[in-house]
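Working notes, beginning with the structure itself.
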Amino acid sequence: MTTELISAAWAAREQAYAPYSNFQVGAAVLTKRGEIFTGCNVENLSYGLTICAERVAIGTMIAAGKRDIARIVVVADTDQPVSPCGACRQVMAEFGDFPVLLVCKHSQLEMTLGELLPRAHTGILNR
């Protein structure tokens with residue numbers, strides 16, 4: 001299943017809209033039922049409105065009525081694996097602690113979301 005998930009993320013990356021940075025990213029979310037949802041980054045001239053591939057993939061999953069993430073793969077055509085931004089990490093944390101596989105041209109790195117974003121659920125609502 002991992003190979004299929006990685007392939008889906010690379011295919012999604014090909015659809016990225018990145019005219020400003022020319023940095024294309026793809027993501028694939030695997031649900032606990034084996035469903036795959038993909039996303040790519042979508043840039044905007046007002047750069048703060050850019051949407052990362054991870055959040056697009058999660059939004060696609062949510063729009064399909066799913067909530068149970070088993071794993072996420074993020075791919076980029078780089079020499080080292082790229083890590084999700086802080087906003088993506090926090091959005092991912094909304095759905096639990098699961099493996100995140102970061103893939104680039106020559107290698108891959110896997111860690112849990114908890115390792116990427118420790119104490120994600122500790123905040124002002126936890127008094």
Side-chain angles (χ1 to χ4, degrees):
M1 182 57 80
T2 299
T3 302
E4 183 181 351
L5 197 60
I6 292 170
S7 294
W10 281 114
R13 180 189 167 276
E14 293 299 316
Q15 303 305 315
Y17 179 74
Y20 307 105
S21 71
N22 292 313
F23 184 67
Q24 299 171 307
V25 179
V29 173
L30 176 68
T31 69
K32 293 178 182 172
R33 292 187 176 173
E35 301 151 306
I36 296 175
F37 297 93
T38 62
C40 59
N41 56 316
V42 180
E43 291 183 350
N44 188 280
L45 181 60
S46 177
Y47 215 69
L49 299 178
T50 293
I51 307 169
C52 299
E54 300 92 311
R55 285 182 278 154
V56 171
I58 290 170
T60 301
M61 177 194 73
I62 295 297
K66 310 300 177 182
R67 308 282 190 273
D68 58 338
I69 297 175
R71 167 183 241 161
I72 292 182
V73 171
V74 181
V75 302
D77 189 21
T78 54
D79 291 326
Q80 296 293 322
V82 295
S83 189
C85 74
C88 287
R89 293 176 193 201
Q90 190 63 54
V91 169
M92 288 183 211
E94 188 71 19
F95 301 96
D97 187 14
F98 41 80
V100 179
L101 181 61
L102 309 173
V103 179
C104 66
K105 293 188 288 190
H106 308 292
S107 64
Q108 56 188 37
L109 175 65
E110 183 171 78
M111 58 192 60
T112 66
L113 183 57
E115 291 170 316
L116 280 170
L117 185 64
R119 299 176 49 89
H121 296 285
T122 303
I124 62 171
L125 299 179
N126 297 348
R127 296 178 192 216

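- Other members of the cluster containing Val29 are Phe23, Val25, Phe37, Ile58, Met61, Ile62, Ile69, Ile72, Val74, Val82, Val91, Met92, Phe95, Phe98, Val100, Leu102, Leu109, Met111, Leu113, Leu116, with ILVMFWY side chains joined at under 4.5 Å, either directly or via other members.
- Hydrophobic clustering keeps Leu49 apart from Tyr20 (ILVMFWY residues linked when any side-chain heavy atoms are closer than 4.5 Å, directly or through intermediates).
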Requested in this report: Evaluate side-chain contact (heavy atoms from CB on, under 4.5 Å) for Glu4 paired with Ser7, printing each intermediate quantity in order.
Outcome: CA-CA 5 Å; Glu4 183 181 351; Ser7 294; 5.7 Å; no
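- A donor-acceptor contact shorter than 3.5 Å is absent between the side chain of Ser21 and the backbone of Ala18.
- Under a 3.5 Å cut-off, the side chain of Arg89 and the backbone N or O of Pro84 do form a donor-acceptor pair.
- The two atoms that bring Cys85 and Cys52 nearest to each other are SG-SG, 3.8 Å, heavy atoms only.
- Taking each heavy atom of Glu115 and Pro118 in turn, the nearest pair found is O-CD, 3.9 Å.
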Report task. Check the pair Cys40 / Arg13 against side-chain contact (heavy atoms from CB on, under 4.5 Å), numbers first and verdict last. Result -> CA-CA 5 Å; Cys40 59; Arg13 180 189 167 276; 5.8 Å; no
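- Sorted by first then second residue, the side-chain hydrogen bond (donor to acceptor under 3.5 Å, both in side chains) pairs that include residues 98-109, not counting sequence neighbours, are Asp79-Lys105.
- With rounding to the nearest 0.5 angstrom, the OG1 atom of Thr31 is 5.0 Å from the CG atom of Asp68.
- Taking both residues in full, the closest heavy atoms of Thr78 and Cys104 are given as O-CB, 3.2 Å, listed atom of the first, atom of the second, then distance.
- Pro99 and Ala70 make their closest contact through CD-O, 3.2 Å (heavy atoms, listed as atom of the first residue, atom of the second, distance).
- Checked by atom type and distance alone, the side chain of Gln24 never pairs as donor or acceptor with a backbone atom of Gln15 at under 3.5 Å.
- Residues Gly39 and Ala57 share a closest heavy-atom pair of N-CB, 3.6 Å.
- In the displayed structure, Glu35 atom CD is contacted under 6.0 Å by more than 12 heavy atoms of other residues, nucleotides or ligands.
- For the side chain to side chain donor-acceptor pair (under 3.5 Å) test, no residue two or more places apart in sequence or in another chain qualifies with Thr38.
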Requested in this report: Using the side-chain contact (heavy atoms from CB on, under 4.5 Å) rule, take Asn41 and Val56 through it: C-alpha gap first, then chi angles, then the decisive distance, then the call.
Outcome: CA-CA 7 Å; Asn41 56 316; Val56 171; over 6 Å; no
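- For the atom pair OG1 of Thr60 and NZ of Lys66, the computed distance is 13.5 Å after rounding to the nearest 0.5 Å.
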Report task. Could you go through the side-chain contact (heavy atoms from CB on, under 4.5 Å) check for Asn44 and Tyr17 one step at a time? Result -> CA-CA 9 Å; Asn44 188 280; Tyr17 179 74; over 6 Å; no
